[in-house]
2 protein chains.
Amino acid sequence: MKARVTVMLKSGVLDPQGKAIGQSLNRLGFANVGDVRQGKVIEIELDETDQSRARAKLSEMCEKLLANTVIENYAIELR
Amino acid sequence: MKARVTVMLKSGVLDPQGKAIGQSLNRLGFANVGDVRQGKVIEIELDETDQSRARAKLSEMCEKLLANTVIENYAIELR
């Protein structure tokens with residue numbers, strides 16, 4: 001099973017990397033660009049067939065390693 | 001309109017960051033983890049109502065700034 005984990009900074013948390021991208025886009029002539037946020041996406045090949053068990057494992061991975069849950073949210077998609 | 005751009009290394013390109021995550025997951029006891037790839041996700045608030053025009057603008061942003069198309073693929077989602 002293939003899973004995709006998306007990790008984004010929580011909405012209240014300052015995102016200098018996103019801000020820099022937004023400013024660069026403006027400077028390149030893209031005027032109608034508003035707020036930009038950057039996050040990580042992690043694609044994991046998982047040897048597991050049960051959807052709910054996979055989801056539980058992935059949540060555990062996020063809590064333990066993939067995300068800093070103090071400042072980041074994560075979302076899990078299975079495909 | 002909100003857009004999400006996902007930038008991943010092309011499949012032939014070595015991804016040391018993904019590899020490190022995979023090894024860390026194994027070391028933490030997640031045995032059934034196979035290949036891991038890490039990429040970027042960029043959420044852009046776009047002042048544009050026309051879907052196809054937005055998509056064209058976003059492609060241009062990817063080509064010019066967001067992705068290195070020699071080694072990276074990008075995907076655009078509008079929501």
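Quick note on labels: first sequence line is chain A, next is B, and so on, each numbered from 1.
- Using a 4.5 Å cut-off between side-chain heavy atoms of Ile, Leu, Val, Met, Phe, Trp and Tyr, with links allowed through other members, B/L78 and B/I42 fall into the same hydrophobic cluster.
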Could you walk me through whether B/M61 and A/L28 pass the side-chain contact (heavy atoms from CB on, under 4.5 Å) check? CA-CA 9 Å; B/M61 291 179 200; A/L28 283 171; over 6 Å; no
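- When the candidates A/G22, A/A31, A/G39 are compared by the number of heavy-atom contacts under 4.5 Å with chain B, A/G39 comes out ahead.
- Annotation: maximal heavy-atom pairing with chain A below 4.5 Å, among B/I21, B/D35, B/V33, B/L66, occurs at B/D35.
- Your options are B/V41, B/D47, B/V36, and the one with the most heavy-atom pairs under 4.5 Å with chain A is B/V41.
- Rounding to the nearest 0.5 Å gives a distance of 11.0 Å between CD of A/E43 and CD of B/Q38.
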Run B/K64 and A/L25 through side-chain contact (heavy atoms from CB on, under 4.5 Å) and show every step you take. CA-CA 9 Å; B/K64 283 194 179 163; A/L25 287 172; over 6 Å; no
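- Contacts of residues 1-20 of chain A with chain B at a heavy-atom distance below 4.5 Å involve A/R4, A/T6, A/M8, listed in sequence order.
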